[in-house]
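Some notes on the structure that comes next.
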Amino acid sequence: MMQGLTALFLVTAFQVAPAQVAPAQVVITPERAEIEVTQTAQLQARALDGAGRTITGAAVRWIASTPELATVDQAGLVTALNPGVAKITAVIGGQPASVSVVIRALPPAELRLEVPSMEPYAGQVVPMAVRAFNRLGEPVADPVLMFETSDPSIADVDAAGLIFARRQGNASISVSGAGVRSSTTLSVRPDPGVSYSLAPTEARARTGDVVRFVATAEAEGRTVRAFPEWSLSGMGAQIENERGEGVFVAERPGTYRVTARMGENDVVSGVVLVEPRGNDAELIQVGRGGISEHHSGDVWVFEGLDGRDYAYIGTFLWDWMKVWDVTDPANPVLTDSLQLDARRINDVKIHPNNRLGIVTREGASNRRNGMVLLDLSEPAHPTILSEYTETLTGGVHNVWISGEHELVYAVHNGTRAVHVIDISDPAAPTEVGRWGIDNEQRSLHDVIVQDGYAYVSYWDDGAVVLDVGAGTHGGTPRTPTFVSQFKYPIGNTHVAWRHGRYLFVGDEIFPAGWDADAAIHARGYIHVLDVSDIENPVEVAKYEVPEAGAHNVWVDDDKLYVGYYQGGLRVLDISGELRGDLYAQGREIATILTTDDQTTTPNWPMTWGAQIFKGRIYSSDLNSGLWITELRERPRVVF
């Protein structure tokens, strides 16, 4: 959680800029640069006094204000990461200046054609899909393409890649762009007299509900394959082609006509009547454990061996773990504070047996961080049972406990790997396994284990799925094996949670130069991946709250609970099939802003996450501590 917080603390604690006279002006040259992804540009910065003279020997601090697009070293060398307009800032004597660096996407180096049938019937249309890849093997979005045919009387193709099969024979279809060319040959069969139909012809749905349309073709009393081109009338909805089906979802209520073009002169259509989703619920504050003297971290809630309920909360830039008795959720009671040698107690987890707790450490004074195992015999006053630092000295950001196998999966900042720790003897833990991407530049952030798979959030390397006992790819709980990976251009993959066929992946983006004691304008959102084919995750939807940033998630009863930082705690309906923009579809059920007068930063919530426990929602807020809420349906008014 909050990848950059530790780095910021180290910079501010151990680097002191030399005193220098503030310049009247800072000038960066060149004023504008244009490069491709992976290329570099050298910038120079000068400080000028009030008379326009160069101030010699002035120290320059370079900042990449858009780190998702480009990086810059302290010599002013910019490296392009992703397409866009990157902002690079130079600071001299407290005086900033910025320039823009235009980053062009790499052009296509390969074009791959996908045609659903190489032997269509005359009269049919066949949508052709083209995927473009750059020299790095990465997909190129929206390439400019041109299509050609060797014989338009047999098979023609329009500017969008739609093929019109016209008469029996062979024709070559080609696509080209950026100097790259690819082609395929179609063998058109004679028309046997094909007729077309669509189902359903009429459907009713709510916003966010997915409706699947199936177009069929018949000839001579038998079903033949159809290749519909889908289109939609009306604003506020979308339809996508998925293996020939038309997948419809609406963001706005209204009446929509879905059309499938089956042949050059054959069209079938249906109608969808869409109503508002109508989520009548709200989040009600039940209790509050205010913490305003320092920033709070993760929270975990459990029933102790004494039959009472407890919430343990870590801290950020502080060395305490707070213990709250929440048996009466309306009146939490602080029973203890456990002090550790750390500058950050990021994660708190409790063993399913409720006898053992684990907290993670970062920033220990002796640089031996690791994790601390807690004896919960008296849960109101936990004590240190043991520490494990031997292979985790670089700091642990997050852990996951597998109670069934008496193992802990620990995210290690030093090796950037997932370490598997045996805790069958909690007084003497030992490492029994490890898995990581073999590159020292990697950054590892989180891990969660569900049904034999570990879902690992690997920052700029995306979400990685490991077999840790599912048995599908030879993995065991102690020997993780690779299954698949999903990465996206901006990166910052921070958290993942599996629910049914979907993996909810959150990214976290903080602005350059943010201050933990001020309002943080976080960004990032939830990517929804369909992992029905665990080896080939596909992004099918997103949940993005405007002007806010996602953090930790929890799923319960087809509801997604998200700590959305300055957007507060938010609850999302994730029932049924998910497609498109879930926020725009009105799938949000309820929200609450976790801020009051007991806070380090007035009027600025920074909701960390949520846990569902005994029907209530327990959240921590970076600025204000513990929040306890309930999701309640609003009474319906009947006229």
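These figures come from a predicted structure and were not determined experimentally.
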So for atom CD, which belongs to Glu36, do other residues, nucleotides or ligands contribute more than 12 heavy atoms lying within a distance under 6.0 Å? yes

Partners passing side chain to side chain contact (heavy atoms under 4.5 Å, CB included) against Pro511 (at least two apart in sequence or in another chain): Trp514, Ile520

Give me the atom names and distance for the closest heavy-atom approach of Ile423 to Leu356. CD1-CD2, 3.8 Å

Classify the side-chain pair Tyr455/Arg498 by whether it contains a donor and acceptor separated by less than 3.5 Å. yes

Between Trp627 and Trp324, is the gap from one ring center to the other below 6.0 Å? no

Taking Arg355 first and then Glu406, would you say they form a salt bridge - that is, a charged N and a carboxylate O separated by under 4.0 Å? no

My understanding is that only one of Tyr618, Trp300, Tyr561, Phe504 makes a ring-ring contact (aromatic ring centres under 6.0 Å, His included) with Trp554; could you say which? Trp300

Ion pair present between Asp309 and Lys614, side-chain N to carboxylate O less than 4.0 angstrom? yes

Is it the case that more than 12 heavy atoms not belonging to Asp425 sit under 6.0 Å from its CG atom? yes

Carboxylate-amine/guanidinium contact Arg478 Asp422, below 4.0 Å: yes

Is Glu387 salt-bridged to Arg361, cutoff N-O under 4.0 Å? yes

Any side-chain heavy atom of Arg587 sitting closer than 4.5 Å to one from Tyr543? no

Regarding Glu547 and Arg523, does a basic nitrogen lie under 4.0 Å from an acidic carboxylate oxygen? yes

Residues in salt bridge (charged side-chain N to carboxylate O under 4.0 Å, His left out) contact with Asp375, at least two apart in sequence or another chain: none

